[in-house]
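Note that these values count all heavy atoms, side chains included, but never hydrogens, waters or copies made by symmetry.
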Amino acid sequence: MTIQIVPLGAGQDVGRSCILVTIGGKNIMLDCGMHMGFNDERRFPDFSYISKTGDFTEMLDCVIISHFHLDHCGALPFFTEMCGYDGNIYMTHPTKAICPILLEDYRKITVDKKGERNFFSSQDIKNCMKKVIAVNLHQTIMVDDDLEICAYYAGHVLGAAMFYIRVGEESLVYTGDYNMTPDRHLGSAWIDKVKPDVLITESTYATTIRDSKRSRERDFLKKVHDCVAGGGNVIIPVFALGRAQELCILIETYWERMDLKVPIYFSAGLTEKANHFYRLFINWTNEKIKSTFVHRNMFDFQHIRAWDRAYIDNPGPMVVFATPGMLHSGTSLELFKKWAPDPKNMVIMPGFCVAGTVGSRVLAGEKHIKTDSFTTIEVNLQVKNLSFSAHADAKGIMQLIRQCDAKNVVLVHGEKSSMGFLKSRIMTEFGIPCFDPANGTTVSIETSHVIPIEMSASLLKQHLIRQTETQDPGMTTSSSPEHSSSDDNSEQSDFKTPMDIRPSDKVLIQGMLVMDDGKPIRLEDAEEVLEKVGMANHKVRFEVRKAYNATALRRAVENAESNESQQRGSWAMEMDGDSGQTDHSYQEWDSDRFALNLVHIALERSIGKQIKVVREEGDDSIAIRSVKIRAPTEKDEFERGGLLVGWDYRDEDLATRVLSIVTLALSANR
């Protein structure tokens, strides 16, 4: 079976997340975002890859949205209302509530203020959200008879979820954006050990391991305090929900503790909206927020007021949380244009900025930034980049791979160079395949198809007992004094408890696969099945020749004679019983017997404690269950200078081990 993954967006890039997955014959779109760095057709994913004719509803079984950020949901109204997709869309309840508000805010900026065309309308957003099916955490949703999905908590922002997707025996996990570290208002991401065939994970901070949260918070507060103390204004670009609330809680607490009077503002209307959503979805916050919510709403800020454009020329220092977070439009860009020329002012970028946005150019150190044909910003203010981004760092990504126990990993939502570093680290540390496909590139991952079968109790017990046989076949595996060979407990000698027959290693079980209509597939003992159907039992036996170097063995005898000439019982030497003198005349040389001696000693040392090894002097051979090692006779077609190893098909696993020991024993003296 094969799982196919094609990034239509976020392949070796951050932004425009849209992953097309084919699993078990089902086609699923994971996220449907826009790219904040483009203002043309490149802002949306290339949906023509799915269908050239536009029959998207027939091609896709469902669309899943991980969270409300526009780079994950911004293209959804365009896809449903302008491209014509009319199928199922799944997201969590908070995401469904917040998505239309952010979409409408962005539409106003793009269409009403910038006058762009070929963009969705307010009615398109409403019609789109009517198609959405909201899901709860840990709720298994059957999309159809074969396709099931389940949401897990992702942290990151309110309502963000990772999705476990399963079709038959194949499964995958799509993380969207997630955070493995709890913060002041949200918990950390968590998922069961679902062992997916594929984990599709973001890799925004693939090469970053952040310092402690406390250290970052202290640094942030010091920079803000120093700037306003020097009479400067501080602009903090944030998105409406998420990091905004995190930093507001932090700065509110600090202002209260330090009794500061410098005004703090938040983009108008967003504080009220945030309070409403956090009150509505309080169960999605962390335990501290939930425990104090009854007595005090942490989002009812005393020092933070709504922003008004009239304040922009007010004298004296101020701190403004302004949207959006990448300085590409709106209040944050307007304030940046006004305050950028003054070196007393400061901009603090608390999150990741997509390439092409004003924010990314500011962080790159550009001093003259052209925003349109008529406007160039002179950048003299202080620029600080403090990572309060709610994305998992490299350590968190590795932690999630370990937590869900993935068999393959696909990296998306990251920069190419960073992905390459993390990819090699994943393959080295976990020993599993890892991929980092570019947009439009297909990754095909082969999965093992597991067929569940039942097994007869007699067959299982038979193999477990054979696995734990001891030197004395009449004894149990216990070595305690109670389990002796005396007549007193001979009745108990054939009995084995479940603890007695528990194997210490993997057991290869051979039997006959029985398939009846309407019944589960069963593995049964071959002799029992043949007896049931009245067929003759044919035993299959194999035999191979293991050659050795007779000259090398003879030389070993001579060396042993030279070194041990004073010891009684040396190989190839006899003691004269009457005189006590050594007779140096060689016995008739028998290389096969000597080779069998070597093999017998090797077998006793390696497996003799687990299974009985019998040296049969009558026909000069060694027996281990059905495995028999012997010297060739005149009836055999083999020439001398080799031992014959034969076994029944039932002992294939044992024979493989014995052959390895024989080979090593005979080659050691070459």
Do the side chains of [Y] and [X] get nearer than 4.5 Å, heavy atoms only?
X: Ile3; Y: Thr22; value: no
X: Ser188; Y: Thr181; value: no
X: Ile200; Y: Val412; value: yes
X: Gln245; Y: Leu158; value: no
X: Cys150; Y: Thr140; value: yes
X: Ile19; Y: Met29; value: no
X: Val358; Y: Leu333; value: yes
X: Val347; Y: Lys384; value: no

Ring pair (Phe, Tyr, Trp, His ring centres under 6.0 Å) against [X], all qualifying residues, sequence neighbours excluded:
X: Tyr90; answer: none
X: Tyr85; answer: Phe79
X: His328; answer: none
X: Phe435; answer: none

Shortest non-hydrogen contact from Phe163 to Ser66? CE1-CA, 4.2 Å

What heavy-atom pair brings Phe47 and Cys83 nearest, and what distance separates the two atoms? CD1-SG, 4.0 Å

Suppose we screen for side-chain contact (heavy atoms from CB on, under 4.5 Å). Which residues come up paired with [X], at least two apart in sequence or across chains?
X: Cys248; result: Phe266, Phe301, Ile304, Phe321
X: Thr110; result: Arg43, Tyr106, Glu116, Phe119
X: Lys126; result: Gln123
X: Thr441; result: Pro437, Ala438

When you compare the side chains of [X] and [Y], does any donor N or O come within less than 3.5 Å of an acceptor on the partner?
X: His69; Y: His156; value: yes
X: Thr204; Y: Glu202; value: yes
X: Glu446; Y: Thr2; value: yes
X: Asp192; Y: Tyr164; value: no
X: Ser418; Y: Tyr205; value: no
X: Asn136; Y: His93; value: yes
X: Tyr174; Y: Ser17; value: no
X: Ser121; Y: Arg107; value: no

Between [atom1] on residue [X] and [atom2] on residue [Y], distance to nearest 0.5 Å:
X: Lys338; Y: Ile377; atom1: NZ; atom2: CD1; value: 13.0 Å
X: Met82; Y: Thr80; atom1: CE; atom2: OG1; value: 10.0 Å
X: Ile397; Y: Arg425; atom1: CD1; atom2: CZ; value: 9.5 Å

Between Glu429 and Arg402, does a salt bridge (Lys or Arg N to Asp or Glu O under 4.0 Å) hold up when you go through it step by step? CA-CA 10 Å; Glu429 186 164 328; Arg402 191 176 292 107; 2.8 Å; yes

Donor-acceptor pair, side chain of [X] and main chain of [Y], under 3.5 angstrom:
X: Thr285; Y: Ile282; value: yes
X: Tyr153; Y: Trp284; value: yes
X: Thr375; Y: Thr371; value: no
X: Asn27; Y: Leu20; value: no
X: Ser332; Y: Pro324; value: yes
X: Lys131; Y: Gly87; value: no
X: Asp31; Y: Gly33; value: no
X: Glu170; Y: Ile23; value: no
X: Ser360; Y: Gly356; value: yes
X: Arg166; Y: Gly168; value: yes

Hey, mind stepping through Arg309 and Glu334 against salt bridge (Lys or Arg N to Asp or Glu O under 4.0 Å) and telling me if it holds? CA-CA 10 Å; Arg309 289 186 66 188; Glu334 182 183 9; 2.7 Å; yes

Inter- and intrachain pairs under salt bridge (charged side-chain N to carboxylate O under 4.0 Å, His left out), touching residues 349-365, at least two apart: Arg361-Glu366

Show me the pairs that pass salt bridge (charged side-chain N to carboxylate O under 4.0 Å, His left out) and involve residues 91-100, at least two apart or across chains. none

Could you list the donor-acceptor pairs under 3.5 angstrom formed by side chains in residues 5-15, with sequence neighbours left out?
{"unit_1": "Gln12", "atom_1": "NE2", "unit_2": "Asp436", "atom_2": "O", "d": "2.7"}
{"unit_1": "Asp13", "atom_1": "OD2", "unit_2": "His35", "atom_2": "NE2", "d": "3.1"}

Evaluate whether atom NZ of Lys193 has more than 12 neighbouring non-hydrogen atoms of other residues, nucleotides or ligands under 6.0 angstrom away. yes

Pair Arg42-Asp40, salt bridge (Lys or Arg N to Asp or Glu O under 4.0 Å): steps then yes or no: CA-CA 5 Å; Arg42 291 175 296 173; Asp40 51 24; 3.0 Å; yes

Any pair counted as side-chain hydrogen bond (donor to acceptor under 3.5 Å, both in side chains), so long as it reaches residues 56-65, sequence neighbours left out: none

Is the Phe44-Phe78 ring centre distance short of 6.0 angstrom? yes

Run the numbers on Ile236 and Val320 for side chain to side chain contact (heavy atoms under 4.5 Å, CB included), then give the verdict. CA-CA 6 Å; Ile236 306 171; Val320 181; over 6 Å; no

For the residue pair His67 and His72, does the interplanar ring angle fall in the parallel (under 30°), tilted (30 to 60°) or perpendicular (over 60°) class? tilted

